[in-house]
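All values derive from a computational prediction rather than experimental measurement. To find a chain, count down the sequence lines: A is the first, B the second, and so on, and within it residues start at 1.
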Number of protein chains: 2
Amino acid sequence: MKVLTKNTDYAIRALLALAAKKGRYLSAKSIATENDIPYQFLRRLLQEMIRHDLIVSKEGVQGGFMMEKDPDTISVTQLIEIFQGKVQVSECMFRKQICGNRARCVLRHEIMRIEQVVQSEFEKVTIGKLLRDLAGAALKP
Amino acid sequence: MKVLTKNTDYAIRALLALAAKKGRYLSAKSIATENDIPYQFLRRLLQEMIRHDLIVSKEGVQGGFMMEKDPDTISVTQLIEIFQGKVQVSECMFRKQICGNRARCVLRHEIMRIEQVVQSEFEKVTIGKLLRDLAGAALKP
DNA sequence: TTAATTGATACTATATTAATATCAATTAAA
DNA sequence: TTTAATTGATATTAATATAGTATCAATTAA
Ligand code: FES
Ligand code: FES
């Protein structure tokens, strides 16, 4: 069971690169080469993130992508939702015959509780936090 | 992001059917039709569960599958591991260039902590618990 | 004017998940 | 003893999701 797919993984790495140089434009090319991400793949991810207002861009020479917002407002949960769809355990485990009434189903609530746990754990992990962790790790010998 | 795939979902339903009639043999056919599971697909899942000693079987006429063990000893975590592989967030998010030393990487530990949370939450959900929840839900009008 | 860039989108490849099919071995029952 | 109902083992196909590549138009700083 793979929790983060490549696109989420790549997106996180790209955002970290942008957050580290916050306020400056970085080209897709430089982000790709420096972080081992396939160039065209990365471009699609960046464009998707623009659509979701996580980053901004400037076309043309000297253009690129830039992080404007506070990296602490971008969580892994958001990225999972963008690239892997909303966290959901199972559409509906027992439908018609066995369960009958979704509304009151204890089991369903149980399952949804876990969804919440997963989601809130990933919400705590923001790009800002990751960046600080990374800086901290770099210091140690 | 889909946490439970069809095979895990189907496996859970089949185990609930078997747990509800614990000690008796149920045929794959009856489990399939009563729970809306594709017959041949289910058979493969049942055989896989036999290999993992979750259930037993008897060949021939009047044969079938049976649950011998305590349903409380079968957790959703086990089923996820069997049918979707071990819970893992991402192989390694930042490899060589950025991180360099997996062993001490703060970030990696952060991520692994979440894996633990996910896993332990699903460990609490056993077939026994689900069965009781289901029975409880059935009582209410 | 041009080269470096992003925007948009189409395409291919690979892997995973889901489903079906086949035939041999077993066994209770007719 | 024959037969029908079953599981065991395994091969095959179909559908979907993930990953990666390619192309060309639009923009813009130099
Ligand atoms: S799990 Fe879907 S209605 Fe109970
Ligand atoms: S995340 Fe892999 S070494 Fe840090």
Side-chain angles (χ1 to χ4, degrees), chain A residues 1-14 18 24-33 35-67 79-88 90-91, chain B residues 1-14 18 24-33 35-67 79-88 90-91:
Chain A
M1 179 199 178
K2 200 167 37 180
V3 178
L4 300 186
T5 56
K6 289 266 173 165
N7 41 20
T8 311
D9 177 333
Y10 289 159
I12 293 174
R13 285 197 250 165
L18 289 168
R24 280 158 61 186
Y25 284 101
L26 302 186
S27 71
K29 198 171 165 189
S30 70
I31 298 173
T33 55
N35 295 280
D36 234 358
I37 308 173
Y39 175 62
Q40 297 292 5
F41 199 164
L42 174 64
R43 298 215 318 141
R44 284 219 324 257
L45 301 177
L46 290 167
Q47 289 185 14
E48 190 69 24
M49 290 195 275
I50 283 175
R51 278 178 220 119
H52 286 83
D53 295 313
L54 297 185
I55 54 178
V56 296
S57 66
K58 190 173 74 172
E59 272 180 286
V61 176
Q62 300 279 43
F65 300 86
M66 178 172 74
M67 175 161 298
L79 298 171
I80 289 179
E81 285 190 7
I82 292 172
F83 295 110
Q84 302 173 223
K86 215 164 165 50
V87 175
Q88 65 172 174
S90 181
E91 286 163 30
Chain B
M1 178 200 176
K2 201 168 36 179
V3 178
L4 300 187
T5 56
K6 289 266 174 163
N7 40 21
T8 311
D9 177 332
Y10 290 159
I12 293 174
R13 286 197 248 163
L18 289 168
R24 280 159 59 186
Y25 284 102
L26 302 185
S27 71
K29 198 171 166 188
S30 70
I31 298 173
T33 55
N35 295 281
D36 232 0
I37 307 174
Y39 175 62
Q40 298 291 5
F41 200 165
L42 174 64
R43 297 215 320 149
R44 284 220 324 259
L45 301 177
L46 290 167
Q47 289 186 13
E48 190 69 25
M49 290 195 276
I50 283 175
R51 276 177 222 121
H52 286 83
D53 293 314
L54 298 185
I55 53 178
V56 296
S57 66
K58 190 173 72 172
E59 272 181 288
V61 177
Q62 300 277 42
F65 300 85
M66 178 172 74
M67 175 161 300
L79 298 171
I80 289 179
E81 285 190 7
I82 292 172
F83 295 110
Q84 303 174 225
K86 216 162 165 55
V87 175
Q88 67 172 171
S90 181
E91 286 163 28

Between [options], spot the one nearest the side chain of [X], thanks.
| X | options | answer |
| --- | --- | --- |
| Lys6(B) | dA18(C), dA9(D), dT6(C) | dA18(C) |
| Thr5(B) | dA19(D), dT6(C), dA18(C) | dA18(C) |
| Gln62(A) | dA29(D), dA8(C), dA9(D) | dA29(D) |

What is the distance, to the nearest angstrom, from the [atom1] atom on [X] to the [atom2] atom on [N]?
| X | N | atom1 | atom2 | result |
| --- | --- | --- | --- | --- |
| Glu48(B) | dT10(D) | CD | P | 12 Å |
| Phe41(B) | dT12(D) | CZ | P | 19 Å |
| Arg13(A) | dA19(D) | CZ | P | 12 Å |
| Ile55(B) | dT7(D) | CD1 | P | 10 Å |
| Phe83(B) | dA18(C) | CZ | C1' | 13 Å |
| Gln47(A) | dT5(C) | CD | C1' | 12 Å |
| Ile37(A) | dT21(D) | CD1 | P | 13 Å |
| Asp9(B) | dA19(C) | CG | P | 10 Å |

**Prompt:** What does dT28(D) pair with, Watson-Crick or G-U, if both distances are under 3.5 Å?
**Reply:**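 Partner of dT28(D): dA3(C).
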
**Fill in**
Taking for Arg43(B) and for Ser27(A) the nucleotide of DNA chain C with the nearest heavy atom, the one nearer the 5' end belongs to Ser27(A)

**Asked** Of Asn7(B) and Ala28(A), whose nearest nucleotide on DNA chain C comes first from the 5' end?
**Response**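 Per heavy-atom nearest nucleotide, the more 5' residue is Ala28(A).
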
**Message:** Just N and O in the side chain of Tyr25(A): are any of them under 4.0 Å from OP1 or OP2 of dT5(C)?
**Reply:**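 No, no such contact exists.
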
**Message:** If the cut-off is 4.0 Å, is Ser57(A) near the phosphate of dT5(C), judged by side-chain N/O to OP1 or OP2?
**Reply:** no

**Message:** Do Arg13(B) and Asp36(B) make a side-chain contact, defined as non-hydrogen atoms from C-beta onward lying under 4.5 Å apart?
**Reply:**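 Heavy-atom side-chain distance check passes, below 4.5 Å.
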
**Request:** Can you see which heavy atom on Leu42(A) is nearest to which on Ile37(A), and at what distance?
**Result:**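 Heavy atoms only, the tightest pair is CB-CG2, 3.7 Å.
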
**Item:** Shortest non-hydrogen contact from Gln62(B) toward Tyr25(B)
**Value:**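 The pair with the smallest heavy-atom distance is O-CB, 4.3 Å.
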
**Request:** Check every strand shown and say whether Lys58(A) touches a base, only sugar-phosphate, or nothing at a heavy-atom separation below 4.0 Å.
**Result:** sugar-phosphate

**Prompt:** Reckon Gln40(A) touches a base, only the sugar-phosphate, or nothing at all at heavy-atom distances under 4.0 Å?
**Reply:**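 Contact class for Gln40(A): base.
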
**Asked** Between Tyr39(A) and Leu46(B), which is nearer to the 5' end of DNA chain D once each is assigned its nearest nucleotide?
**Response** Leu46(B)

**Message:** Looking at Ile82(B), is its backbone amide N or carbonyl O close enough to the side chain of Glu48(B) to form a donor-acceptor pair, meaning the two atoms are under 3.5 Å apart?
**Reply:** no

**Message:** Main chain of Asn7(A), side chain of Gln84(A): is a donor-acceptor contact present, judged purely on distance under 3.5 Å?
**Reply:**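 Side chain of Gln84(A) to backbone of Asn7(A), a donor-acceptor pair under 3.5 Å: no, none is there.
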
**Asked** Between the side-chain atoms of Arg44(A) and the base atoms of dT21(D), is any donor-acceptor pair under 3.5 Å?
**Response** yes

